[in-house]
Amino acid sequence: MKKKSGFRGIIPLIWDKKCFRIMRLTILFLFVGLMQVSASLYSQSTKINLDFRNTRVVDVLEAIENQSEFRFAYSAEYIDLNRKVDLDVKGKNIEQTLSIIFDGTNVKYSINDRHIMLFQEGKSAAASQQQKTVSGKVTDSSGGPLPGVSVVVKGTTSGTISDADGNFSLTNVPANATLQFSFVGMKSQEVAVANKTHINVSMQDETIGLDEVVAVGYGVQRKSDVAGSVGVTTSEQLLKSSSFNALQGLKGKVSGVNIFTNSGNPSGNARVIIRGINSINTSSNPLYVVDGVQMSDFQFINPNDIERIEVLKDASAAAIYGARGANGVILVTTKRGSGQGDGVTVSYDGWISVGVLAKKVDLMNAEEFMKMEDIGFANFAKYPQSAKYAGRVVDRSDPLLFDASGKPLYDTDWQDEVTRDAVSHSHQLSIQQQGKTSSVGAFVNYTDQEGIMLNSYLKRMNVKMTYDANPKPWLSTGMNLMVNHTWANDIDETGGGQTARRTMWEMPAIIPVKFPDGRWSSSQFTGNKLNLGLEAMSNPVHELTTRKMNRFKTKLFGNGSLTFHLMEGLDLKTQIGVDANLNKDKNFSPNDLINISSPNGSANISTYDNLYWQEETFLTYNTMIKKHRINALAGLSWSQSTWANSNTGTVTGFSTNFFGYDNLGAGTTPAAPSSDWNRWAMNSYFVRGSYNYNDKYLATVTARMDGSSRFGMNNHYGFFPSAALGWVISNENFMKGISWLNTLKLHTSYGRTGSSEIGVYSTLATISSGTVLLNNGRGASTNVARLANPDLQWEKTDQFDFGFNLSVFNNRVNLDMDYYHKLTSDLLLARPIPYTTGFSSVTDNIGEVSNRGLDILVNTTNIKTKDFTWETTLNTNYNTNRIEKLGKNNEDILTSPGFVGGNVILRVGESLSSFYGYRRLGTWSVAEAAEAAKVGAVPGQAKRSAAREIIGKGLPDWTGSLINTFRYKNWDLTCDLQFVYGVDTWQLYFHSMEDRSGIANGFATILYNGWTETNQNTMVQQIRQQNYAGQDSQADSHWVCDGSYIRGNLIQLGYTFDKKALTKYGFKKLRAYASVSNAFIVDSKDFLGYDPEAVSNGDQFGQNIFFYQYPKPRTFTFGVNVSF
Amino acid sequence: MKKILYFSALCLSLIGLNSCEDFLKEEPRSQISVSQFYANAADANSAVNNLYRNGFPSFYNASVYAGTTAMYGGYISGLFDNQYKGQEKIVQDCQNLAVDPVVNNGNMLTLWQNCYIAIGRANNAIKYIPTTPGLAAADANKLMAEAKFFRALNYFHLVKMFGGVPKITDPYESLENLYIEKASVADIYALIVEDLKFAVEQGGLADLPMPKNGYRISKGSASALLADVYLNMSGAPLNGNKYAEAATVAKSLINNSNYALIQNGSTPETSAYNTLRTSDNENEYLYVIEYDPSIANGSARPTFCFPNEAATWGEFTYSICNLAYRPVSQILAVYDKTNDLRAQEKQYFHTKYTFTKGARKGETVTFTDVAPYFWFEPNALYTTNKSEKDQAHYRLAEMYLIAAEAIAQSSGVNAEAAGYLATIQARASMNKTKAEITTALMALSKDEFIKEVWKEKIRELIFENKIWNDITRTKMYPTVKDGVFTFVPLVGATNPWGKTFTEKNLLFPIPNDEMQRNPKLVQNPGY
């Protein structure tokens, strides 16, 4: 049998250049979202205009492709492409046009949406065979009819396309022939006719199909061609979580991408760490690239605008971003005008949610609090410091708080008072218009997110517009403009001050929110006789009601590109992008908030703007020569970022709270104003070459040369190369017989990326200028701020990656696994130098950190029937992190939080973010009194190790998620569980909740688990009225608990209405859903806070170390997705 | 082909858009690079101004829980307590004589690092002042004298706290010579004396009390420090016998009419000690650390006068009170409770408080412990929440005491020495004249007289952080023995917390951090 190149569906495997281009274009279209081909009327509504004289057919077809989305597939062998035609077509549809072109020839065509097959009439291979008619029905995996499927007799050009009901009929089929069924987005199938006259075929979705394309930075590649490690998430998955922040939706979706949600505050940002922390002093944040433009403050972007997210994880993928790629790259593609079918699609996505306090902490109520105080007073004699007070009793005579019998008048539940049911909502209206040669998208969003702590909120208005066009056969253009304004009232989440997130626990229950006369309460009252010595605390409700921490942010983000189609396969693209962030912070704290801003009040306004622009120009060349597919890229880039800040200075001395921050002149004491400015710039050159031989052997080489102003004079430019190899074993002939194996691809990469995120001007010795008090005024003051280091350069991360993709059992089980080993050297370290120099450190390239681990992604379709499917995705990352070298002499470095003896220690051989403190060995027993006295302790006090040691770590070994999706008819159910394992949490609030009893409220457990003569075998110290008896508090191992948890991240039930029914009412799609996020959390019994994942110190190493936290809500959401 | 050419041209033009050299050049605008500095007189001035509030002067910065760094000496003497020592572990470790280079690394660093920061900045000024264009010779001299004063002040503190330390006299401008060995105590003192002699003799500094000299270092400031340096060089560990020099320098201030002791007014409220508490501009002040309500306020200092329970009284604008530097009964025994004005209520101390407002207005509460009154600042406590009282580090009274001791040590007990001590005692005496006191003092043996000076120093300067300096210099520990306030050898003495001093307690440990950073350092003995 003649086995020449023939049709293999829409994507022809005819190895000629021309067709390769067609295929590439097809892929591009798939990429922008044409994967679901709707049964549209494109072919009828699209009008063709042609005016050609004596022109080859091939050029006419190209002209049609250029002015429309039609793409031709044909075999050059059977179609005379060089035949010259004369044409004058105006406003005709494709069918009419084709009938003119091929009038009088034996060329036939079949049109399937935008895809047109050309074939020769009556051409058949072997006439000697017995021939007959074969018919049948093609269905999709759910059993629904599948129209538009190409059905071709293998090895011939004879074929047809299934009709609207999925039926097909082919005549003159040899009895021993094989039929090939193919459809975009589905796996092609071959069925032997074997004398059958009726053949039914069920097409399977090609979930990890060969033809899926992924963004790889400066373009896209077929996923099958990618030899590096790239993770993908789509809009649908991102939006499931109905959250303000897109990173929330990304959580758990890509293995190796760990997203820590450290706060329930709407303004709280998520922390992203890809394959471990690489660095000590520079940022561990990935690089965000949105539509090709680097973006800062990604957390404010509207998640509804995102079409898909690719995460470049290994060196091969990230090296194209060179000196900024070491932390991984998050590539975001936003929605555009095309993608929802023809004409105009209007869609609305909205949700409303209610967030509630997910958990309440067991604190002492009024009765327990007074009992604890009585015990504290009774214990006076036991402590040397309070022995002289022995015999004193709690004074209950204050009529503001106690009744005549001394019982507390109030029993305030501060957790209830400070939190609320937070109602949030979001509305997104999208208008997408697909024209013949252009498309326009308009997207409007309003999101109002309330926090569960009073008065905290974050709101966003977002407008986005896109315009894409192919105005000339040689030119394409695309533009995108986004205006994003957010405004918020923040809540203090840092530091150790008595602010609401602390006082909502520490304010004793005996104190009311307000006194009967309407006055706000606090822990201090005029004329108060309470002799407890309560620590000074503002009432948290008072604070949250009157204090303002307003944040305003306007982001203007846009880009425009021109693509010149220079010649076959060769494009030149030039793109400019702008990311402008205009920020204003306005703070006011009134003059009656005790221990916060009384008696003077304070107000401050600061403005800071960040303007980033980039210009990038690059050439891409794609070609296919026989079985060799080549994809090449070369380009250059300039970018610059300037940052300017001006701060009014903090004004205090407000006699009235009337003005807030709106009349700073009303304050009597202004602090000196300040302003600051800095700039960095980069100039880069990059190349990439990808090679694919016969879809079996893959190779990619990438290199980028980056020049950064931030590096020292002696090292302006850095070079970042990488290489990757892939082997698609399943495409080897010797594997063909293994029917259960669909894909097996091995890939490995090695390369180098960098981190240039050192502070600007770090290489220079600079003079710091300010003022000091001198002679009752301000005297100018200057000092040398740092030592110069002109040799400074970027951090280098060398990364090795080895992985495989495996799909088996008809793609029902897919496994992606990657092992990686990263070694970051030349760490930009604040290298400790002797303090005798007058400096504490110099920024230098010293030190090494390694990360090694596994990324595992398992996708299974457990059950698949006509009505019911059950799919499972398990997504995990194991990472282990080790400091290999530090400084000149491997000195330990102590960092945050520096709180009652607790620090994070950086020590060679240990994980970054190791907790460093004393080990709690227990409590001193009565029998050990003499031994205790040696360290100045008495029985009932904590017994600790003599020296500090490493007592935990804040970065987890395992992170991941397990997502189960069930579909039954129109119903879908998602259960998204997220887990973290092998991590510790340091509960610094034990300092005041356990160790400093008596001056504030604390855990109820101290009453029941605290040391007494009859309960000596306990970790919890004896109740000790701190005000008189002092305290014994050190950040020790008793405060550390297992930080592992399992979280009910999202449970969602959705219903998608039948298309047929909807069409009647003019809908294209309607889905309604209800969900619960943060539904539950299973954590250590030793964890006494709200959520074991939080931070108080926003730095690199403070993960899971916190002193109180903004509780994360449990959120109930109802939402709809409608399109018309 | 035309379009290809066109776009190739465009492409090339984009490449030529910027000259890369300029594009990647770093030019800070809100900071000055070192090469641009010391360009004029103002630069030199501002570099010296910086020294007024960094290094040793920063040890007076107060925090409500921790007190001040200057109080560490009081804590390790065991004679002062802090109500919040439960969380301020350094206080406990000092009192327990358990200061450790690892455990107390951070606190030791505060002592060590701040001094060297200031020394580095002073070295920078000393190097560049002579070559600063536009700086008149007289002005250059004054600035040089101020810079050298501060370098000496910081080295003096280092040598007292840590013994011999690396001697660095040039500013660091590259990564050369990072690791420097300790110099001897004598070498450090030699540098201090050289710097101070320059300041006193060649600096051209005004011979005025510091507040009258625009709060700039005066000849009086430098002389006061030099007198103290000579006194300390005479004691442990150098035992360099510079008593005569100490006396000479101290007397040069006592005998200069620009300086004068504060005199008692007619009422208890206008006593010298209350004037000391309330007035910033007195001729007694030789070197002060300045505070101001709007630029640099003295923070929590006024709250050190009240026990922490006072926080709930609703009386004060401060939310937290803490007896951060409470003298224990052993040291209070130094006072003659009936005849020493300083020991009377609302002079240096107070023991009770009368409410000024609210339901308890007029009610008086008595404290369990004697509390300092020294930092009582009604305006800050009741109204502004900002302490503005300057803190004197050297005042003329101390010069009288230095002179008295130095003369007695070098020439024996004579009328001059007795007169100086009597001047200070008479100001505080409620029942004796200066003449009566002088006569009595003349009858003392040399040893008795010197101990009387030490006692007087404790009485006069109890809240001025001098105690540990005198204990380590004399190696004698003030204590109460058989009901009598006296001095016993420090090594072997037991503090009120039951801990016994050893030789190692004379010095603090070098912070572990610095030991790691500089392999050439040798830890102080015993640590």
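Worth knowing before you read on, the calculation uses all heavy atoms, side chains too, and leaves out hydrogens, waters and symmetry mates. Below, read A as the first sequence line, B as the second, and so on, with proteins coming before strands; counting in each chain starts at 1.
Distance check: Thr836(A) OG1 to Tyr172(B) OH gives 5.0 Å after rounding to the nearest 0.5 Å. A distance of 15.5 Å separates CD1 of Ile119(B) from OH of Tyr835(A), quoted to the nearest 0.5 Å. Ser319(B) OG to Leu534(A) CG: the interatomic distance, rounded to the nearest 0.5 Å, is 13.0 Å. Residue Lys499(B) holds its NZ atom at 11.0 Å from NZ of Lys934(A), rounded to the nearest 0.5 Å. Taken to the nearest 0.5 Å, the CG atom of Leu51(B) stands 8.5 Å off from the OG atom of Ser781(A). Rounding to the nearest 0.5 angstrom, the gap separating the CD atom in Gln516(B) from the CG atom in Leu886(A) is 10.0 Å.
Judged as a side-chain hydrogen bond (donor to acceptor under 3.5 Å, both in side chains), and not counting sequence neighbours, Tyr918(A) has no contacts.
In this structure, the side chain of Gln524(A) does not engage the main chain of Trp313(B) through any donor-acceptor pair within 3.5 Å. Not a single donor-acceptor pair under 3.5 Å links the side chain of Glu309(B) to the backbone N or O of Asn1027(A). No donor-acceptor distance shorter than 3.5 angstrom exists from the side chain of Ser709(A) to the backbone of Leu24(B), with no hydrogens or angles considered. Asn600(A) places a side-chain N or O within donor-acceptor distance of the main-chain N or O of Thr384(B), the cut-off being under 3.5 Å. Between the side chain of Arg517(B) and the backbone N or O of Pro832(A) there is no donor-acceptor pair closer than 3.5 Å. Judged by distance alone, the side chain of Asn49(B) and the main-chain N or O of Ala780(A) form a donor-acceptor pair under 3.5 Å.
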Yes or no on side chain to side chain contact (heavy atoms under 4.5 Å, CB included) for Lys85(B) and Gln1031(A), after CA distance, side-chain angles and deciding distance? CA-CA 8 Å; Lys85(B) 67 181 173 187; Gln1031(A) 51 157 329; over 6 Å; no
For a quick test of your reading: what N or O donor-acceptor pairs under 3.5 Å do the side chains of residues 104-113 of chain B make, sequence neighbours left out?
unit_1    : atom_1 : unit_2    : atom_2 : d
Asn104(B) : OD1    : Asp100(B) : N      : 2.7
Asn104(B) : ND2    : Asp93(B)  : OD2    : 2.9
Asn105(B) : OD1    : Asn512(B) : N      : 3.1
Asn105(B) : OD1    : Asp513(B) : N      : 2.9
Asn107(B) : ND2    : Tyr72(B)  : OH     : 3.0
Thr110(B) : OG1    : Gly106(B) : O      : 3.0
Trp112(B) : NE1    : Glu514(B) : OE2    : 3.0

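By the 4.5 Å heavy-atom criterion applied to side chains, Arg948(A) and Val102(B) are not counted as neighbours. Residues Glu290(B) and Asn776(A) form a side-chain contact, since some pair of their non-hydrogen atoms from C-beta on lies under 4.5 Å apart. Within the 4.5 Å cutoff, the side chain of Val842(A) has heavy atoms near those of the Leu175(B) side chain. With a 4.5 Å cut-off on side-chain heavy atoms, Arg392(A) and Thr368(B) count as touching. Side chains of Leu774(A) and Arg216(B) form a contact here, defined as non-hydrogen atoms less than 4.5 Å apart.
The pair Asp676(A)-Arg29(B) does not meet the salt-bridge criterion, since no charged nitrogen lies less than 4.0 angstrom from a carboxylate oxygen.
Only the side chain of Asn124(B) comes within less than 4.5 Å of a heavy atom in chain A; its backbone stays farther off. Using a 4.5 Å cut-off between heavy atoms, Ala785(A) makes no contact with chain B at all. No part of Gln95(B) comes within reach of chain A, as not one of its non-hydrogen atoms sits under 4.5 angstrom from that chain. Heavy atoms closer than 4.5 Å to chain A are found in the side chain of Lys386(B), but not in its backbone. For Thr652(A), the part lying under 4.5 angstrom from a heavy atom of chain B is the side chain only. The part of Asp43(B) that comes within reach of chain A is its backbone (N, CA, C, O), which places non-hydrogen atoms under 4.5 angstrom from that chain. When heavy atoms are compared at a cutoff of 4.5 Å, Tyr65(B) approaches chain A solely by way of its side chain, counted from C-beta outward. With a 4.5 Å cut-off on non-hydrogen atoms, Asp892(A) touches chain B through its backbone and its side chain both. Residue Ile180(B) does not touch chain A at all, counting heavy-atom pairs closer than 4.5 Å. For chain A, the nearby part of Asp369(B) is the side chain; its heavy atoms alone come within less than 4.5 Å. Contact of Met682(A) with chain B is made through the backbone alone, with heavy-atom distances under 4.5 Å. Ser639(A) touches chain B through its backbone: at least one of N, CA, C or O sits under 4.5 Å from a heavy atom, while the side chain does not. Only the side chain of Ser769(A) comes within contact range of chain B, with at least one heavy atom under 4.5 Å from a heavy atom of that chain.
Counting heavy-atom pairs closer than 4.5 Å to chain B, the top-ranked of the candidates Ile999(A), Val935(A), Val900(A), Thr837(A) is Thr837(A). Ranked by heavy-atom pairs shorter than 4.5 Å toward chain A, the options Pro171(B), Pro28(B), Gly498(B), Pro166(B) are led by Pro28(B). Heavy-atom pairs under 4.5 Å with chain A peak, among Pro307(B), Ala125(B), Gly214(B), Ala296(B), at Gly214(B). Ranked by heavy-atom pairs shorter than 4.5 Å toward chain B, the options Glu891(A), Glu535(A), Gln1026(A) are led by Glu891(A). Per-residue heavy-atom pair counts under 4.5 Å with chain B were compared for Val784(A), Ile833(A), Asp844(A), Thr771(A), and the maximum is reached by Ile833(A). Interface summary for chain B: among Leu787(A), Thr669(A), Ile594(A), Asn678(A), the most heavy-atom pairs under 4.5 angstrom belong to Leu787(A). Of the listed residues (Pro834(A), Gly779(A), Ser768(A), Gly770(A)), the greatest number of heavy-atom pairs within a distance under 4.5 Å of chain B belongs to Pro834(A). Of the listed residues (Ser840(A), Ser1033(A), Ala947(A), Ala788(A)), the greatest number of heavy-atom pairs within a distance under 4.5 Å of chain B belongs to Ser840(A).
Under a cutoff of 6.0 Å and an axis angle of 45°, Arg679(A) and Phe23(B) form a cation-pi pair.
Closest approach of Asn385(B) to Ser598(A), counting heavy atoms only: OD1-O, 4.0 Å.
Ser46(B) pairs with exactly one of Thr782(A), Ile767(A), Val772(A) by the side-chain contact (heavy atoms from CB on, under 4.5 Å) rule, that one being Thr782(A).
No more than 12 heavy atoms of other residues, nucleotides or ligands lie within 6.0 Å of NZ in Lys472(A), so this atom counts as exposed by the packing criterion.
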